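The block underneath contains the structure these notes are about, expressed in structure tokens.
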Amino acid sequence: MILPKIKLYFLLVCIGFLSLLTSCSTLRTRSGGSGHYVKASRIGLISNDVSAAKRNATKLANYVNRGYGIVVDNVYYVGKSDENIEKNFLLKGKPKGQLIMTTRLSWTVVRPVAIHISGVSISTKLTVLPSSQFRLIENSGCNYHPSVIIESCAIDGVRIYSHVALDVDQVQNKDGVRRFEFKNNVVSNMGLYVVRLTNCLCEEAFIMDNEISNFKSIVFGLNVTNGFRELGFSRMKKVYFSGNKINNAGFVLDDSYDYEYIYHTPITVESEFCECKNNVIENILCAQDNPIAVYPFYLSGASVVISGNKITDCLNLVNSSNNEFFKCKQSEGRPAERLIENNICVVTKDCLKRKSHGDMPYIKLCGLQMQRIKSAIIKNNNINVACDFVFGAPMQCEYDYFEFSGNTIKYNDIGAKAKQLLRLLPSSTSSGEINIFNNNMESVVKPTSLFALFDYDYTGYSIEVYNNRLSGTLPYGSISGALYSPT
């Protein structure tokens with residue numbers, strides 16, 4: 001009878017051991033950091049308790065550094081963690097999962113780790129102003145993260161990721177993010193940046209299919225500071241900004257705000273290549289008598305594609321000096337390529353009614369502010385603005401190839417500044433090609449000033465201008481000092 005008892009005891013021990021293994025498996029991370037997650041409530045985070053904020057942040061960091069992904073399964077306040085992040089930072093949310101920040105910074109990452117946040121609501125209980133910078137995660141040190149992915153989150157007033165390289169060693173070395181993704185998120189009530197990557201090395205950045213509203217400053221900053229411009233443009237390689245729906249109807253930057261920045265725009269990019277496609281951008285308005293630049297986007301780089309976007313009522317109503325539909329500057333020291341096609345741009349009469357004082361505002365098409373353009377094609381765009389209109393800077397460049405074709409432009413009047421579409425610099429190759437054809441332009445009122453399709457006094461260009469319908473205006477250009485009226 002002893003033997004069966006021993007067998008029974010051994011069986012019970014085995015069952016207990018297997019049960020323990022099953023229980024522990026939920027707290028174990030597979031190699032590479034893509035493994036099992038544990039609920040925040042299970043590791044001791046306290047829900048719905050503001051006084052537990054600092055403890056919650058530190059406890060979460062501790063378990064992340066032990067190799068666990070965290071499931072945000074309730075509402076948790078988080079403060080400033082006493083422990084930095086040294087392992088892959090993996091968060092995913094349950095339907096009611098929410099993190100509420102009580103301080104300006106929660107976690108600092110000090111090692112090159114992967115960051116993946118999915119399906120979490122993230123907000124702050126602090127007041128959000130245009131200059132507010134409430135950072136959920138901030139990089140510290142020279143780290144090159146394999147990936148940073150934020151998807152399907154609801155973000156209110158919080159900068160979810162900040163990576164700024166301001167030290168010379170950081171900028172000159174491999175510091176940044178190999179692949180950055182920000183997709184299918186709902187962003188609202190932002191101060192300065194929901195994401196900031198400044199002077200960072202980045203192979204690919206994807207900002208796609210997000211809904212953004214009520215932002216007070218700049219939403220995405222993928223840029224270079226002036227002190228590092230020579231190094232910076234080659235660090236941000238490819239940026240894709242597409243399918244986003246941006247409506248800022250709930251906020252107007254008026255005189256009640258002491259605004260300290262130059263730009264009011266959803267995104268600033270400085271990269272080798274940028275593609276901006278199929279975005280809907282509406283109601284970005286400024287009503288300050290300051291030269292605050294209101295742009296649907298600010299894109300700089302060697303190659304820029306702007307295609308299929310719909311832009312409505314994005315301008316400074318009082319000070320028009322920096323209003324521009326397609327802001328795209330050149331990367332340092334390189335011939336540029338630009339393709340701007342199939343976009344719809346509108347300024348409505350209802351929008352102009354919100355202007356409290358000042359003259360009729362005007363808006364620019366684009367200013368190609370660079371020394372040399374390899375190729376610039378602006379075609380098949382539909383522009384309909386109830387305000388005045390000007391072409392651009394003007395576009396004073398040396399062109400290898402320029403095409404302005406198939407565009408329909410309707411406007412109140414030609415603005416008093418920058419009356420040339422083109423102002424050509426000498427062609428060093430003596431083979432520049434300019435083509436302007438099949439455009440339809442019309443002013444609503446009798447024009448108060450003339451403008452030129454182009455103006456130059458240099459040889460070396462082959463120029464074709466034909467089949468342009470220019471009703472309601474008197475467009476003249478100067479070719480070697482002679483007046484020319486295109487037909």
Side-chain angles (χ1 to χ4, degrees), residues 100-105 122-136 154-160 162 185-196 210-221 223 244-268 279-298 311-325 327 345-364 385-388 415:
I100 303 175
M101 293 182 64
T102 62
T103 54
R104 299 185 70 85
L105 173 65
I122 302 164
S123 62
T124 176
K125 69 187 298 293
L126 306 173
T127 301
V128 179
L129 298 172
S131 59
S132 295
Q133 303 179 46
F134 304 122
R135 295 153 293 163
L136 186 75
I155 303 166
D156 189 326
V158 172
R159 183 186 303 177
I160 196 165
S162 186
N185 301 288
V186 177
V187 180
S188 60
N189 195 35
M190 280 308 307
L192 184 62
Y193 302 127
V194 68
V195 169
R196 186 180 185 189
N210 303 285
E211 294 184 15
I212 301 166
S213 62
N214 294 359
F215 62 91
K216 299 174 173 64
S217 185
I218 305 169
V219 186
F220 301 98
N223 49 18
N244 301 287
K245 296 181 179 179
I246 302 169
N247 192 326
N248 219 36
F251 176 79
V252 176
L253 186 60
D254 57 25
D255 289 330
S256 64
Y257 295 94
D258 184 15
Y259 196 69
E260 57 187 288
Y261 308 107
I262 301 172
Y263 310 118
H264 184 39
T265 178
I267 185 168
T268 60
N279 301 286
V280 177
I281 304 174
E282 301 175 298
N283 301 306
I284 305 175
L285 297 175
C286 176
Q288 290 193 14
D289 192 10
N290 294 309
I292 296 168
V294 178
Y295 303 136
F297 29 72
Y298 184 139
I311 302 164
T312 305
D313 293 343
C314 299
L315 71 163
N316 188 327
L317 293 165
V318 180
N319 190 317
S320 301
S321 57
N322 288 310
N323 289 336
E324 197 163 327
F325 281 126
K327 183 66 173 180
C345 302
V346 178
V347 175
T348 65
K349 291 181 180 179
D350 286 342
C351 166
L352 299 182
K353 292 176 183 177
R354 305 182 72 165
K355 182 176 70 70
S356 60
H357 61 283
D359 298 329
M360 170 69 77
Y362 64 88
I363 192 166
K364 304 171 189 174
V385 296
C387 61
D388 290 350

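This is a predicted model, so every value here is computed, not measured.
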Practice prompt. Tell me yes or no: between the side chains of Asn189 and Lys216, is some donor less than 3.5 Å from an acceptor?
Written response: yes
Discussion item. If we ignore hydrogens and angles and just use 3.5 Å, is the side chain of Thr348 paired with the main-chain N or O of Cys351 as donor and acceptor?
Written reply: yes
Practice prompt. Could you tell me whether a side-chain N or O of Asn316 sits under 3.5 Å from a main-chain N or O of Val294, the two making a donor and an acceptor?
Written response: no
Practice prompt. Evaluate side-chain contact (heavy atoms from CB on, under 4.5 Å) for Phe215 paired with Val187, printing each intermediate quantity in order.
Written response: CA-CA 8 Å; Phe215 62 91; Val187 180; over 6 Å; no
Worksheet item: Any donor-acceptor pair under 3.5 Å linking the side chain of Asp254 with the backbone of Ala287?
Response: no
Discussion item. Whether the side chain of Asn323 engages the backbone of Leu315 through a donor-acceptor N/O pair (distance < 3.5 Å, no angle test) should be reported.
Written reply: no
Worksheet item: So, Asn185 side chain and Ala154 main chain: donor-acceptor pair closer than 3.5 Å or not?
Response: no
Item to complete: Look at the aromatic rings of Tyr263 and Tyr295 and report parallel, tilted or perpendicular, splitting at 30° and 60°.
Response: tilted
Discussion item. Measuring from atom CE of Met101 to atom CG of Asp156, what distance do you get when rounded to the nearest 0.5 angstrom?
Written reply: 12.5 Å
Worksheet item: Nearest 0.5 Å, what's the CD1-OG1 distance between Ile292 and Thr265?
Response: 13.0 Å
Worksheet entry | Side-chain heavy atoms of Pro361 within contact of Leu352, under 4.5 Å | yes
Worksheet, complete the sentence: Heavy-atom closest pair (Arg196 atom, Arg159 atom, distance to 0.1 Å) is CD-NH1, 3.8 Å
Discussion item. In terms of relative ring orientation, are Phe251 and His264 parallel, tilted or perpendicular, with 30° and 60° separating the classes?
Written reply: perpendicular
Discussion item. Less than 3.5 Å apart, any donor N or O on the side chain of Ser217 or Tyr259 sitting next to an acceptor on the other?
Written reply: yes
Fill in: Atom pair CG/CG of Asn248 and Asn214 - distance to nearest 0.5 Å
6.0 Å
Fill in: Ser321/Asn319 under side chain to side chain donor-acceptor pair (under 3.5 Å): CA gap, chis, key distance, verdict
CA-CA 6 Å; Ser321 57; Asn319 190 317; 2.8 Å; yes
Worksheet item: Any donor and acceptor pair, going by atom type alone, linking the side chain of Asn279 with main-chain N or O of Asn244 inside 3.5 Å?
Response: yes
Fill in: Residue pair Asp255 / Asp289: nearest heavy atoms and the distance that separates them
OD1-N, 4.2 Å
Item to complete: Calculate, to the nearest 0.5 Å, the distance between atoms CZ and CG belonging to Phe134 and Leu105 respectively.
Response: 12.0 Å
Worksheet item: Where is the tightest heavy-atom contact between Asn247 and Asn283, given as atom of each residue plus distance?
Response: OD1-ND2, 3.0 Å
Worksheet item: If you look at every heavy atom in Val385 and Val346, which pair is closest and at what distance?
Response: CG1-C, 4.4 Å
Worksheet item: Minimum heavy-atom separation for Ile281 to Pro296, with atom names?
Response: CD1-O, 3.6 Å
Worksheet entry | Lys364 vs Asn322, side chain to side chain donor-acceptor pair (under 3.5 Å): CA-CA, chis, key distance, verdict | CA-CA 8 Å; Lys364 304 171 189 174; Asn322 288 310; 4.9 Å; no
Worksheet item: Any idea which heavy atoms bring Pro266 and Ile246 closest together, and the distance?
Response: CB-CD1, 3.8 Å
Fill in: Value rounded to 0.5 Å, distance of CD1 in Ile218 from OH in Tyr261
8.0 Å
Fill in: From Ile212 atom CD1 to Ile284 atom CD1, the distance as rounded to the nearest 0.5 Å
9.0 Å
Worksheet item: Could you go step by step and tell me if Leu192 and Ser131 meet the side-chain contact (heavy atoms from CB on, under 4.5 Å) rule?
Response: CA-CA 5 Å; Leu192 184 62; Ser131 59; 5.9 Å; no
